[in-house]
Amino acid sequence: LAHAIRLLLEYTETPYEDKLYSCGEAPDYDKSQWINEKEKLGLDFPNLPYFIDGPTKLTQSNAILRYIARKHNMCGETEEETLRVDMLENQIMDFRMSLVMVCYNPDFEKLKPGYLEQLPGKLKLFSNFLGDRKWFAGEKLTFVDFLMFDVLEQNRIFEPKCLEPFKNLKDFMDRFGVRGGTPRSPLGGGCRGGGGSLTVRVCPQALEKVAAYMKSSRFQKMPINNKMAKWGNKKL
């Protein structure tokens, strides 16, 4: 959930402190590190990720993304662009949750084949929606492209060949950041702003600041889920 936020902060060159909270091991998965602090931050709805920018204190990952994006005119400019951004933002979250529900289910191995069976149909909808546009809202980059990149990347890690039938989605990933599956940092964490293959292979047309971040030591490849998940829960 925090990965797209980090990418947007990097792209907009917004200074931030990335604060991660540790979760204990099974079977208790102790969350005291976060629980002991969550009520002391002045958040209206204490949760991870959170974002603190001076007097502004936010939770909910998409609210954080929109806050950063508004500062940089990345929420869509025309009515058509705005409508596409609004609709895709919610569609992406439904798509994200469909994988999350599988990954955290005790019956993960039983559910995985069913998820993979329906995955091409879901990806085809996103491919159709993108069409021949450069970015999902149109010719200009918006915050939903960061969300889309994150979720497509996660699915490509889950099934490395899943984007092969969809050239425009592969091109989008190339334009955005990297070629191939690129595991990244854990979900969650707080930001304070002024906050397949496992090799990062940068595309020549990649967003320069995003690509540089993903090649840096600050970029954490794995895990992508918390420790209680059945997939994507281990460090490399």
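The environment of K122 atom NZ is dense: over 12 non-hydrogen atoms of other residues, nucleotides or ligands sit within 6.0 angstrom. In this structure, Q60 places its CD atom where only 12 or fewer heavy-atom neighbours from other residues, nucleotides or ligands lie under 6.0 Å away. The number of heavy-atom neighbours closer than 6.0 Å to CE of M228, taken from other residues, nucleotides and ligands shown, is above 12. Sparse packing is recorded around CD of E117, with 12 or fewer heavy atoms of other residues, nucleotides or ligands lying under 6.0 Å away.
Under the 4.5 Å side-chain criterion, counting only non-hydrogen atoms from C-beta, L8 is in contact with F143. In this structure the side chain of L65 never reaches within 4.5 angstrom of the side chain of E89, judged on heavy atoms. Contact check for W135 versus R175: side-chain heavy atoms found under the 4.5 Å cut-off. A 4.5 Å side-chain heavy-atom check between L147 and F149 finds every atom pair outside the cut-off. In this structure the side chain of W231 never reaches within 4.5 angstrom of the side chain of V102, judged on heavy atoms. Looking only at side-chain heavy atoms (C-beta outward), D44 and K57 stay at 4.5 Å or farther from each other.
A salt bridge does not link K140 to E81: none of the charged nitrogens lies less than 4.0 Å from a carboxylate oxygen. A salt bridge links D53 and K71; the closest N-O separation between the charged side-chain nitrogens and carboxylate oxygens is under 4.0 Å. The residues D86 and R66 are annotated as salt-bridged, a charged nitrogen and a carboxylate oxygen being separated by less than 4.0 angstrom.
A ring-centre distance under 6.0 Å is not found for Y16 and F51.
Remark: side-chain polar atoms of N168 are paired, donor with acceptor, to backbone N or O of S127 under 3.5 angstrom. In terms of modelled atom types and a separation under 3.5 Å, the side chain of E159 and the main chain of R156 share no donor-acceptor contact. Judged by distance alone, with hydrogens and angles left aside, the side-chain atoms of R84 form a donor-acceptor pair with the main-chain N or O of F129 at under 3.5 Å. Looking only at distances, no side-chain donor or acceptor of N233 sits under 3.5 Å from a matching main-chain atom of K230. Under the 3.5 Å distance criterion, the side-chain polar atoms of T59 are matched with a main-chain donor or acceptor of F45.
Between D150 atom CG and R96 atom CZ the span is 4.5 Å, to the nearest 0.5 Å. To the nearest 0.5 Å, atoms CE (M214) and CD (E153) are separated by 6.5 Å. Rounding to the nearest 0.5 Å places CG of L123 at 11.0 Å from CG of N128. Rounding to the nearest 0.5 Å places CG of L99 at 7.0 Å from CG of N225. A distance of 8.0 Å separates CG in L83 from CD in E80, rounded to the nearest 0.5 Å. Distance check, rounded to the nearest 0.5 Å: CG of L152 to CG of L163 gives 6.0 Å.
Here the closest non-hydrogen pair linking V85 and C75 is CG2-O, 3.8 Å. Of all the heavy atoms in L20 and Q33, the pair that sits closest is O-OE1, 3.7 Å. Between C23 and N226, the closest heavy-atom pair is CB-OD1, 3.6 Å. Across every non-hydrogen atom of G24 and K227, the tightest pair is O-CD, 3.5 Å. Between A137 and T142, the shortest heavy-atom contact is CB-CG2, 3.8 Å. What you find for F166 and K124 is that their closest heavy atoms are CE2-CA, 3.6 Å.
Y29 and I35 fall into different hydrophobic clusters, where Ile, Leu, Val, Met, Phe, Trp and Tyr are joined by side-chain heavy atoms under 4.5 Å apart, directly or via other members. Linking ILVMFWY side-chain heavy atoms closer than 4.5 Å, directly or via other members, places M148 and L125 in two distinct hydrophobic clusters.
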K19 vs E37, test: side chain to side chain contact (heavy atoms under 4.5 Å, CB included). Steps then yes/no.
CA-CA 12 Å; K19 184 169 184 178; E37 187 173 350; 2.8 Å; yes
Verdict with reasoning, R218 to D18, per salt bridge (charged side-chain N to carboxylate O under 4.0 Å, His left out):
CA-CA 10 Å; R218 296 182 296 114; D18 193 7; over 6 Å; no
Y115 and L119: side chain to side chain contact (heavy atoms under 4.5 Å, CB included), yes or no, with the steps?
CA-CA 6 Å; Y115 180 85; L119 182 57; 4.0 Å; yes
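Evaluation of the side chain to side chain donor-acceptor pair (under 3.5 Å) rule for T12 yields T14 as partners, not counting sequence neighbours.
Using cut-offs of 30° and 60° on the angle between ring planes, the pair F126 and F95 is tilted. Ring-plane geometry between F219 and Y213 is classed as perpendicular, the angle between the planes exceeding 60 degrees on a 0 to 90 degree scale with a lower cut at 30.
A cation-pi arrangement is present between K112 and F158, with the terminal nitrogen or guanidinium carbon under 6.0 Å from the aromatic centre and inside a 45° cone about the axis.
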